[in-house]
Structures are given as C-alpha cells and as structure tokens.
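Take a look at the structure set out below.
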Amino acid sequence: MSGTPDELMVAAAAAELAGVRTVFVGIGLPNAAAILARRTVAPDLELIYESGVIGARPSRLPDSIGDPALVSGATATMSMHDLFAYFLQGGRIQVGMLGAAQIDRWGNLNTTVIGPYPNPTVRLPGSGGACEIALNAARVVVVMSQSPRSFVERIDFVTSPGHRHPDGRSRPAWAGGGPDTVITQLGVYRFGADGEMQLTALQPGIGEADIDAASGWHIRRALA
Amino acid sequence: MAIEGFTHLICFAAGHEIIRQGRCDLTLARLTPDLVYDQMVAAGCARKLIFSWLGNPGVGSLHAVRRAIEGGGLEVEEYSHFGMVGRYVAGAAHLPFYPLRSYAGSDLPAVNPLIQWVSSPYAPGDEVAVVPALNPNVTIIHAQRADTEGNVQVWGLVGVQREAALAAERVIAVVEELVEAEVIRADPDRTLLPGVAVTAVCVEPYGAHPSFAQGYYDRDNAFYRAWDPISRDPAQLDAWLEEWVRGVPDRASYLEKLGPKIVAALQPKPRPSGSVDYGEYS
C-alpha cells in the first residue's frame with residue numbers, strides 16, 4: 001500500500017469502521033475515513049454529525065460539520081440536545097472519531113491549550129463535543145499526526161478523557177470503552193489491559209526508530 | 001446575550017448592527033463563537049465569552065478571540081457542547097441546573113468551577129456532572145421565515161436555537177422572509193418558536209451570510225477561508241470592519257456591496273421536500 005501520509009491515515013481509519021453501523025464524525029480526515037468506509041467495508045454506516053445530522057449522504061466533501069450538503073438527503077436532522085442526549089449519551093454511538101493536538105500514553109486528548117490554561121502559549125479550539133464523545137461512545141478511534149510535540153509524556157490539559165487521568169483517576173463505571181485505536185502517519189496503536197498505549201502496526205515504509213523519534217515516551221511494542 | 005445557530009443560520013446581520021451601535025462590555029454566549037464573535041471581539045464589544053468550541057470551522061483559529069484570550073483581555077467560561085446545550089435547556093425549563101454524563105476525568109471542571117457534581121438520590125455513589133442554567137437577557141436567532149405574529153419556522157440544522165431562545169428574557173428572530181399566517185399554519189411541525197415566545201421579528205434577507213440558510217443560500221466557505229489571513233493581522237481586520245461593517249449603514253448596503261455575482265454563486269438548486277397530508281377535520 002502506498003499513498004500520502006493523510007491517505008494512509010484515512011485508509012487505516014476506514015478499516016477500523018468495518019461492519020460498524022453508527023459513527024460520530026468530525027470534519028477533515030475522520031470525515032473522509034467515514035465516507036470511504038461506507039463505500040467499502042461498512043455499507044450500512046450511518047454518518048452522525050454533532051450538528052444534528054444522522055445518516056448524511058453528502059453530495060460534496062463538506063467544509064464544516066454543519067454543511068448544508070450534510071442535511072439534504074440525510075435520514076434525520078434533530079436538535080443538538082436530542083442528538084447528544086438520546087443518541088450519544090443514550091448509548092447509540094458505536095464509534096466516535098476524534099483528533100487532538102496532544103495525546104498521552106493513557107489516550108487522554110488535549111484540544112484546549114498548549115501551556116498553562118490561564119496564560120496559554122497556544123489557545124486551541126476546546127472540547128466541542130469531544131469530551132462527551134470520549135466518554136459515551138462505545139469505542140473511540142483517534143486520528144492525529146504524530147510528533148514529539150503531539151505524543152507527550154505529560155499532557156498540558158485533558159480535554160477528553162482516556163483510560164486513566166495523569167493524576168491516577170480511572171474511568172467512571174458508566175463510561176464507554178474509551179480510546180481503542182490511535183492512527184497516525186507513522187503507526188497504528190491500541191491499548192493494553194492496563195490502559196497503556198502500545199504500537200501494533202507500522203505504516204508502510206516506517207521503522208521503529210521513526211516511532212521513537214516522534215514520541216515523548218518509549219511506546220510499548222505489541223507488533224504482530 | 002446569545003446569538004445562536006450551529007454553523008447554520010448565524011445572524012451576522014445582528015452582530016454587525018451591534019458593532020455599528022458601538023455596544024461594549026457584553027457577555028457573549030455561543031457554543032461556537034464563529035466569525036461573528038471574532039468580529040465582535042475585535043470591535044471591542046465583548047468583556048466575556050461563554051463557549052464550547054472556539055474555531056473557524058474547517059479552517060483554523062479565531063485569531064481575534066485568540067489574541068484577546070492570550071493577551072488576557074477577554075474573560076472566558078468554557079464548557080463542552082453538551083454542557084452548553086444543557087445550560088440552555090435548564091434555562092428554558094426554569095431548572096437550576098442540567099445533569100449530564102460528561103467531564104469525568106477531564107480537566108474542564110478544574111478550570112471552570114461552575115461545572116459541579118451531584119450524587120444520584122436513586123443510586124448513591126453515582127456522581128453526575130451538572131452545569132448551571134443559562135438565561136441570556138437577549139437571544140438572537142436567524143430563521144428562514146416568520147409571520148407577522150412572530151411564529152418562526154426553521155428547517156435543516158436547528159442546533160440549539162429553540163433552547164437558547166426559550167431560555168432568554170427577550171427573543172429577536174431575524175428572518176429571510178415574512179410570510180402569511182396560512183403558510184405557517186399549513187405546516188405546524190416546522191414551527192421552531194411560536195409567536196408567544198418571540199419578542200421581535202426583523203426581516204433581513206441574507207442576514208446570515210457568510211453562514212447559510214438551508215434552501216436559500218449556501219455557506220460562503222470562500223469567505224470563511226479568506227477570514228483567516230484578514231483576522232491574523234489586527235490592522236487588516238480593523239480595515240475590514242471599517243469597510244464592511246462600520247462603513248455600511250445597514251444589511252441591504254452590505255448585500256449590495258457583496259454584489260450579485262457572489263449572491264448568485266451561493267444559490268442552491270431546488271430540492272423541495274415531499275409534502276405530507278395533515279388532513280382536514282370537520
């Protein structure tokens with residue numbers, strides 16, 4: 001398999017959706033992955049957007065998660081309250097796809113700030129629906145680009161919870177399965193029984209030294 | 001105050017008029033501040049921002065808001081989307097708070113003390129996050145149409161418009177067109193807000209541009225992209241406000257300045273819904 005880093009990530013993310021019915025998607029790579037999956041490995045996939053759309057059949061690649069093309073021809077539109085309360089919190093989302101600026105070994109995601117919250121070096125967009133998606137989807141697939149700045153030993157802010165907070169707190173009993181897979185331009189990662197990230201596959205042409213050079217901690221290996 | 005509309009039906013006409021009137025010291029609530037609040041913050045209208053996602057959708061940052069926050073000149077109160085939705089729901093229903101399954105293991109409650117926890121009285125030990133009711137003094141929404149009684153109809157994405165409006169002391173609905181009462185009554189399912197819940201209606205065609213109105217005009221994605229370089233540079237941004245907001249007396253002049261070419265390019269092809277039969281009962 002060959003392709004640009006983005007194409008490899010989209011293909012790997014689409015493969016994660018095989019046989020899935022309901023996916024909560026954001027814009028960008030997750031959106032492309034979900035559309036690809038519906039045309040290949042998941043023909044019954046319902047694309048669900050936090051803007052209140054279920055079963056979108058977009059006639060063009062949307063620029064935003066509230067694009068009018070997501071509405072025309074969709075199965076249903078509803079208020080954001082109904083979508084978040086009855087579909088996400090109600091346990092009807094099998095896969096939530098998220099991106100992040102930072103991730104740590106427990107799959108905690110930061111989309112809020114780089115640096116201290118009161119005086120950030122970089123102010124990022126914040127949660128949007130990500131915090132509740134991370135907690136309520138049956139499983140979470142993370143698609144993001146990997147570098148020493150994004151795969152960090154100490155995360156600056158936990159926006160969306162992974163398997164364990166850096167302070168040791170564990171996930172609440174009611175929560176969904178949490179991060180299950182992380183896909184980057186370098187590798188594919190899953191999580192051990194203790195909730196720690198492990199490398200399970202390398203992207204084509206990538207070696208373990210590339211992984212180490214782009215990670216802030218030594219990532220555990222579980223290569224097939 | 002709140003100007004709501006999730007990507008769809010964002011009332012830029014109202015935002016621009018507030019800038020023209022030189023209002024300042026406002027607390028602005030919105031799930032996604034979007035370009036409308038970026039412009040209002042740049043114009044000096046805002047003291048505080050209550051929000052859940054701060055960005056230019058599909059493009060990048062809201063540079064004016066980001067500068068204001070990074071410079072310490074704008075107070076923020078931050079939630080997640082569901083938290084903001086819940087705040088309006090509680091506000092609309094006269095409840096003190098809204099319980100939701102979120103925030104456990106997130107750092108958001110650590111930076112926003114208004115996110116609290118209650119123990120379920122029915123299952124001791126089951127801790128549920130709560131967010132306080134939000135009751136704006138004024139909520140402004142945009143909609144496709146209304147009649148003279150203030151009955152407002154929307155189709156496509158409704159976001160949190162109903163909840164944000166019903167939570168407010170006063171509700172201003174800005175609409176693409178005014179229609180006869182019979183048009184509203186022919187399809188009551190589509191009424192987002194009945195007139196009893198609406199304080200005022202303003203007719204302002206294309207009032208949501210560069211956002212969109214489903215079936216009326218497309219999102220001006222080119223403008224959303226163009227805003228990125230404009231807003232990166234405070235001088236360029238101010239020149240833009242001078243030309244497109246302070247320099248035009250009203251929305252009609254803005255539209256004229258925008259020109260028929262852009263307006264025509266945003267026109268979708270028709271795709272009418274099927275109609276249903278409500279039945280006539282005597």
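For the numbers below, each heavy atom of this structure counts, side chains included, while hydrogens, waters and symmetry mates do not. The sequence lines fix the lettering, A, B, ..., with proteins before strands; numbering per chain opens at 1.
When all heavy atoms are compared, the tightest approach of B:Arg101 to A:Asn136 is O-ND2, 2.9 Å. The minimum heavy-atom distance linking B:Tyr98 with A:Ala85 is given by the pair OH-CB, 4.1 Å. Closest approach of B:Ser102 to A:Glu132, counting heavy atoms only: OG-OE1, 2.7 Å. Minimum heavy-atom separation, A:Gly126 to B:Trp53: O-CD1, 4.0 Å. Nearest heavy atom pair, residue A:Thr77 against residue B:Gly156, reads OG1-O, 4.1 Å. When all heavy atoms of A:Ser64 and B:Pro57 are compared, the pair lying nearest together is CB-CB, 3.9 Å.
Within the 4.5 Å cutoff, the side chain of A:Leu135 has no heavy atoms near those of the B:Tyr103 side chain. Residues B:His8 and A:Val71 fail the side-chain proximity criterion, which asks for heavy atoms closer than 4.5 Å.
Around the CZ atom of A:Arg154, the shell of radius 6.0 Å holds no more than 12 heavy atoms that belong to other residues, nucleotides or ligands. Residue A:Arg149 places its CZ atom among 12 or fewer non-hydrogen atoms of other residues, nucleotides or ligands, all under 6.0 Å distant. Environment of NE2 in A:His218: crowded, with over 12 heavy atoms of neighbouring residues, nucleotides or ligands closer than 6.0 Å.
Once rounded to the nearest 0.5 Å, the distance linking OG1 of A:Thr159 with CD of B:Glu78 reads 7.5 Å. Expressed to the nearest 0.5 Å, how far CZ of B:Arg271 lies from OG of A:Ser59 amounts to 7.5 Å. Rounded to the nearest 0.5 Å, atoms NZ (B:Lys269) and OG (A:Ser72) are 11.0 Å apart. Between the OH atom in B:Tyr88 and the OG atom in A:Ser79 there is a gap of 14.0 Å [rounded to 0.5 Å]. Distance CG/B:Leu100 to NE2/A:His81: 9.5 Å, rounded to 0.5 Å. To the nearest 0.5 Å, the span separating CD on A:Glu50 from OG on B:Ser52 amounts to 8.5 Å.
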Derivation of the side-chain contact (heavy atoms from CB on, under 4.5 Å) call for B:Asn112 and A:Tyr117: CA-CA 11 Å; B:Asn112 182 351; A:Tyr117 185 85; over 6 Å; no
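Residue contact with chain A, scored on non-hydrogen atoms closer than 4.5 Å, involves the side chain of B:Val76 exclusively. Both the backbone and the side chain of A:Val122 come within contact range of chain B, with heavy atoms under 4.5 Å apart. Within the 4.5 angstrom heavy-atom criterion, atoms from both the backbone and the side chain of B:Phe82 approach chain A. Heavy-atom distances place the side chain of A:Pro172, and not its backbone, under 4.5 Å from chain B. Residue A:Thr112 touches chain B through its side chain alone, counting heavy-atom pairs closer than 4.5 Å. A:Asp67 touches chain B through backbone and side chain together, each having a heavy atom under 4.5 Å away.
Comparing A:Pro125, A:Pro161, A:Ser127 by heavy-atom pairs within less than 4.5 Å of chain B, the highest count is held by A:Pro125. When each of B:Val160, B:Val111, B:Val158, B:Leu108 is checked for heavy-atom pairs under 4.5 Å with chain A, B:Val111 comes out on top. Residue with the most contacts toward chain B among A:Gly115, A:Gly162, A:Pro68, A:Gly66: A:Pro68 (heavy-atom pairs, distance under 4.5 Å). Ranked by heavy-atom pairs shorter than 4.5 Å toward chain B, the options A:His165, A:Arg169, A:Gln89 are led by A:Gln89. Heavy-atom pairs under 4.5 Å with chain B were tallied for A:Gly129, A:Ala134, A:Gly52; the largest tally goes to A:Gly129. For the options B:Gly105, B:Gly58, B:Ser273, heavy-atom pairs under 4.5 Å to chain A are most numerous at B:Gly105.
The interface of residues 114-132 of chain B with chain A, defined by heavy-atom distances below 4.5 Å, comprises B:Asp126, B:Glu127. Within residues 216-227 of chain B, the residues having any heavy atom less than 4.5 Å from a heavy atom of chain A are, in residue-number order, B:Asp218, B:Arg219, B:Asn221, B:Arg225.
Between the side chain of B:Ser106 and the backbone N or O of A:Val158 there is at least one donor-acceptor pair closer than 3.5 Å.
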